[in-house]
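The basis for the numbers below is simple: all heavy atoms, side chains too, and nothing from hydrogens, waters or symmetry mates.
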Amino acid sequence: MAPALPSSLSPHICILTSPDLAELLEQSSLPPLFQILQSFSPLPQVTTRTTALVSVPHASFNLRFSDLQDVEEACREDDEQRAIRTIDWITGRISSRCSKWLQEVDSMGAKAAARTPWWDELRRCTEGDFVPSKTEGWNHPVALILAVSTTAPNPLQAITALHSRNNHLPPWVDTNVLRYTLIVHPSNSPLTNEEAGALHNAVKKQYGLHCYLLELDLPKVPPAPIPVPAMLPRLPVPSLPVSPQKKGSNASENTGDDTIPNSLRLGEKDVQHTAKFTREFLVMSLIPWMEKCVLEWNENFSSTRRLPSRLFSSTRRLFGSASPSPGPTHTSSMSMSTPSLAGRSATLPLTGGPPPPSQQRRLAEFATILGDYKLAIMVWEALRKESKGGSDILPLLLAPSPAVPLHAQTALASIHPNMSDLPPNAQLRALSCAVRWEMGIPTQDLLSNMLEGERWLVWAASNAEEAPSALLLAHAALLSTMKKAQRRSALWYVLAANRLEKCGIKPLTMYFLRRAEELYSVRPPKELSPSFWDSEGKSPTTAEGLEDILSGIAHPLGRMLYTTGDVVGAVKLFLSLLRGAPNFASAGTLTLGDTAQKATNNDKLYLDDFRVAYNYWKSTEPEKTADHSLQLPIKLCNVKQSSLRFSGDNTGNDDVWAAREEAWKTFWKSQDAKPSIVPSGKVCTNGQEHFDIDMFWVNLVMRNPLDAEVNLSDITLLVQEVGMESISGDELVEVEIIKEVIMAPKESISVPISLKPKRSAKLRITHARYNFLSLLPITESLASRGQRLHATALQRQKPTYAPDVFMQVEVVPSDHRLLVTFVEDSRLVLLQGENKSIRLWLKNAGDKPISEVWMISGPEDEIWLGEHDYKSTDSKTETFRSFNSLKPQAPRRLPLLGTDQSSTILNPGQGIEVPVIVHAGMATGNFDLDLLFVFREDDSHPFHSTTLTRSYEVQALFDISVLAEPSLSQAHSFLIDLDLTNTSQTFSPCITQLTCISPQWTCESLTGRLSDPIAPTQCCRVILGASYWSEGSGSEETFSFVSQKLGNLLKGGDMDDTPPPPLDILSTHISQGDTYRSIKGDSIMDFVQSGRRKYMSQNISRVHSYVAANSFPSIFPLYNPSAIDFVIFWHIQERDISGHIAVHGITLGAGHGRLNSIVEEAESAKVKRSMYAETRRENMEVLDAIRNSEWNAEMNPIVLSVKDAGIKTHDFSKGQCHVSVEFRLRNHSSTRSAEYTLKLGSDTTPPNNLLNPPYAGRMTFRGSIPPSGTAIVHPKLWVTRPGAYSLGGWVLETKISEEGQNGQQLNVRRYVQQPSPSEEGACVVVRNSSIDDTNN
């Protein structure tokens, strides 16, 4: 069974009727003859034969009938002009019918998904082309039927006139046609049946056997119309005056009845006779004639393909034949002027123009029509290789393979050299190819991954902006939808809509845009773990990444809706476009145009269109605007950043206040009391300060996500009472209405809205209400999602959240209320280390008395409650006992002393001033002082709380650097270089006192008294000598405490709350006078301890990040016994301000790696091996942090110094001399003895042109140095000539050990020391005294 070919690849039969037959048909209410015969096509069950005489059954066989005069007139028209008219004609037909089609598609629903009426119309218009082409022979006539009727005065003469009629077809039309004579004998004919039969026999004798007598009744009263297949639409002829007999043939759309389309008024008998004639014409005449042509042409084709050309030349030479002999000619069925079948002339027509189709191409076309595909494929391949066509037909005949798409590409590329800019004629050729491929290839094969036939339609559409190319894209999109390629389909729908919009076909344009929007809304399945969405905090149904694409589709769709009268739909679409920028930056987005670039900002355009459409809708149908609940697709309110603000309230982080309350609870629990704080009502309905207290504000943070300016009007809030949602908010609170707010693009603003409660209640702020663009009323929820629940297994498996959270305010009577403010509310600017006295004002604003007030500050705040308590001392040193704990400062109780200094109760309406001192630290910048106050009426009542926040700025004053190094002097162990630089540009501070604080070290100034005031950008340098102080206690206990705690931490044991042991601290004062400021004053001691505590906490958090902050006091002490701190007191005379700066982070002395044993024990312990690399890495980081911490400091305890020997003189004329030099070794360890080995070398290369030291005698010295002791070594040099002799080149080996219980050495440490580059320059100079005397 041969597959069905497109009707455009079927035989084309032209019909030439006599005037009498045309008049007969018109009188019988029948259309022209070619339309009547076309109604009987296709013919079922037709069999053809191949060249191998193999029968090929055809389920249906198409025939195309045309009027010869129509074909002749169409051939006279210019190809480009006809192509332009064809495109306009197709566009007009689609434009006039698309609205009805869309209604049908909507009514059919999913049934209309397979085929679309506009594609069928485009296909029928393309298939209906009947004009012969210069590039192919499918529309060239295969047969010519000459039809007459017996109603003519002389039928034989009419037949002779038709046969003798000159051919008016152009020369490039193939003239090799079958001539067939048809005699129509109606019942009302003047000739009898015998006479008609005689006429038939005479015609057969004269013109051949291809003749038929068609007997029809054709009654005067036309019978009822019968339905017939619809004719393919044909391009109307140009508007020219036509003869009466041509009026019927020009109207190709008329099928014989003015009221009932697609019908014929033929009786049943006439229908049978006509069907019989059509089948006999096909089976008895046309097919045999075509088979005969194929056989003869195949012989010629095979003869040229069978033997090489060289053999042909030999044949001509031997047999003398220069051309093949002509084959048999047709009989009288062909006119004498028609050339024979095989003897067609190969010369071009004299009139010029392209030649008619070649015999080889006609062979391929006839073989394709007859179903001889084996021969057809072979001939088409031969034509393709010669670049003469065939690539457009091979995809219809070949089985699916990778080569088939290449044939399609070749066929389209051969149409025109520039496929990006096709002329109209080339557009129609590409359209014809695409239609034939879509019809002739089974859909399953066409959409296979091997062919991807939907892309062929896109290639054929090229860049043409006409309606046919748009429908090609639309059908390609439909086929892609069938392949589940939604993104590709949506893209092609958008491109098709763009082209149709330019053609003015708006209904289809809107339909394609809606289809594209639907397809882009379909999200592809994402095979991701459910835990991914939880970790990212996103919903699996959320679509991201296509916002700009969808906007590019919806915006033109909205404009079309507006122009077509659907204002409501346009408003909704424009409103949906206001999505704002996506969460990520798009590299590029699709717009409606093929090559259009997306504008940088479209939000303003969307806003303007929405404003225009909504204004028009509101002006025409104001009563309907309220019925449509339009909502913005974006949220302008930022709920998480919005906050409540109360009268006298201060800003602050909620986490800060939670930490303050937790500190209070911890402290109060330690006092064996119940740590409870009753939440105080922020808003009161009555009391002493009713006017100020009963109003609060909501700082509504609003962000404009659009890249355009937005104005809002009538901004207000909706309030409900908790548990009483039915009560109107107007009965509870008066809410302010903000008239108008304008937000710039991407701007975030805070809109304060005041609320004044009318009675006590617990209020919930649920929604914000505003008019968007001062037009659209919007109600936006102020709820934030509750926290994730993990209580049950079901909640852990499926994300479950607590109820939404709203901003709530409890309005309570003002029974217990305390107002705390600063007396001076000006901007607070402090210098580094400045001690600023400020005053607090406490007022009882409630109805009950207050007998107890506590103040809780943060661990980073340095604040003292009270006045300055300056204490002086004449002693240069002071010793105090420190608890050595990192526990934060305990809350302080405020004295409630009235003006009479007797009352300790703060009565309602009464207020007092409380002095405090704020100390600025070393850090510069802006800071907040967050203070929590808790108070109660008496011991039987719970505590209430209030807060106070003050921002202040710390400006730089000093840049301080400290450098410590071992001292070469016997008087001190270390030298400390303290360098202070005045970084201020306006102040000249004076250093009044320098206090050194350390558990083990005492200092004295080596530069005399402190300097005068330090001018801006100037520096002050103080050299200090540090000596070991052993009179204090607690140092070894402190080291043991830290070692025990960290060892327990590494072993994973429980950490107890044992505090560190107390420690004796020595403070050494250095001042300009003989009187010193005592460090034992309450305020200065508190500041010093607070500063040290803050430094240690920050240092421990940085180094030991694995330790929780609340465990610091139970593991680490406040002071490292080896540490030394400096407190620098300064004063600025011109402003009468003073302060102090604490310098931390300096440790002196030789450590011995006290924690190495516990680190090595932890490394060598047999612990369970973890399968996670992260856990092992974290364990190594913990060990490294302990190993490199200040508690495990380690250094070579012995420092070697060479005493300056000066210049030695000797009279070398009397002989050589001995020179003794002194090497001094100091043990900087305060706890262990050190064994040393000093090796001197004389074979080294000395620097700076010095001579090698000629050591004599002992060159290796060994010994032991007690803790903090010294040793002196005197090697000798045997000098034979004057010069400068280097004293470098020595090597010092040191051994440190700890003696065990049995006398064995434990924890042995060895060090090797060589001279540094600066020490290599040490030398002794020996001069010759005899030469010096001679020179003198």
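The ring of Y180 has its center closer than 6.0 angstrom to the ring center of F281.
No side-chain donor from either of E454 and W492 sits under 3.5 Å from a side-chain acceptor of the other. Side chain to side chain, S133 and R429 fail the donor-acceptor criterion of an N or O pair below 3.5 Å.
C125 SG to I87 CD1: the interatomic distance, rounded to the nearest 0.5 Å, is 12.5 Å. Here the CH2-SG distance, from W459 to C433, works out to 13.0 Å after rounding to the nearest 0.5 Å. Of the inter-residue distances, the one linking T17 atom OG1 with L33 atom CG reads 7.0 Å to the nearest 0.5 angstrom. A distance of 7.5 Å separates OG in S66 from CD in Q38, rounded to the nearest 0.5 Å.
Residues V131 and A74 come closest through the heavy atom pair CG2-CB, 3.5 Å. Taking all atoms of both residues into account, the shortest heavy-atom contact from T368 to A376 is OG1-CB, 3.4 Å. A pairwise comparison of heavy atoms in H416 and D421 identifies CE1-O, 4.0 Å as the closest pair. Closest of all the heavy-atom pairs between T47 and S55 is CG2-CB, 3.8 Å. Contact record, I183 with C211: CD1-SG, 4.2 Å, taken as the closest heavy-atom pair. Listed here is the closest heavy atom pair of W89 and R234: CZ2-O, 3.4 Å.
You'll find the side chain of Y207 stays beyond 4.5 Å of the side chain of L162, heavy atoms only. Contact check for P11 versus I369: side-chain heavy atoms found under the 4.5 Å cut-off. Between H407 and W380, every side-chain heavy-atom pair lies at or beyond the 4.5 Å cut-off. Taking 4.5 Å as the limit, some side-chain heavy atom of L9 sits within range of a side-chain heavy atom of L396.
Below 30°, between 30° and 60°, or above 60°: for F61 and H58 the angle between ring planes is above 60°, a perpendicular geometry.
Using a 4.0 Å cut-off between charged side-chain N and carboxylate O, R124 and E127 make no salt bridge. By the 4.0 Å N-to-carboxylate-O rule, E381 lies too far from K385 to be salt-bridged with it. Note on E438 versus R123: no salt bridge recorded, every NZ/NE/NH1/NH2 to OD/OE distance being 4.0 Å or above.
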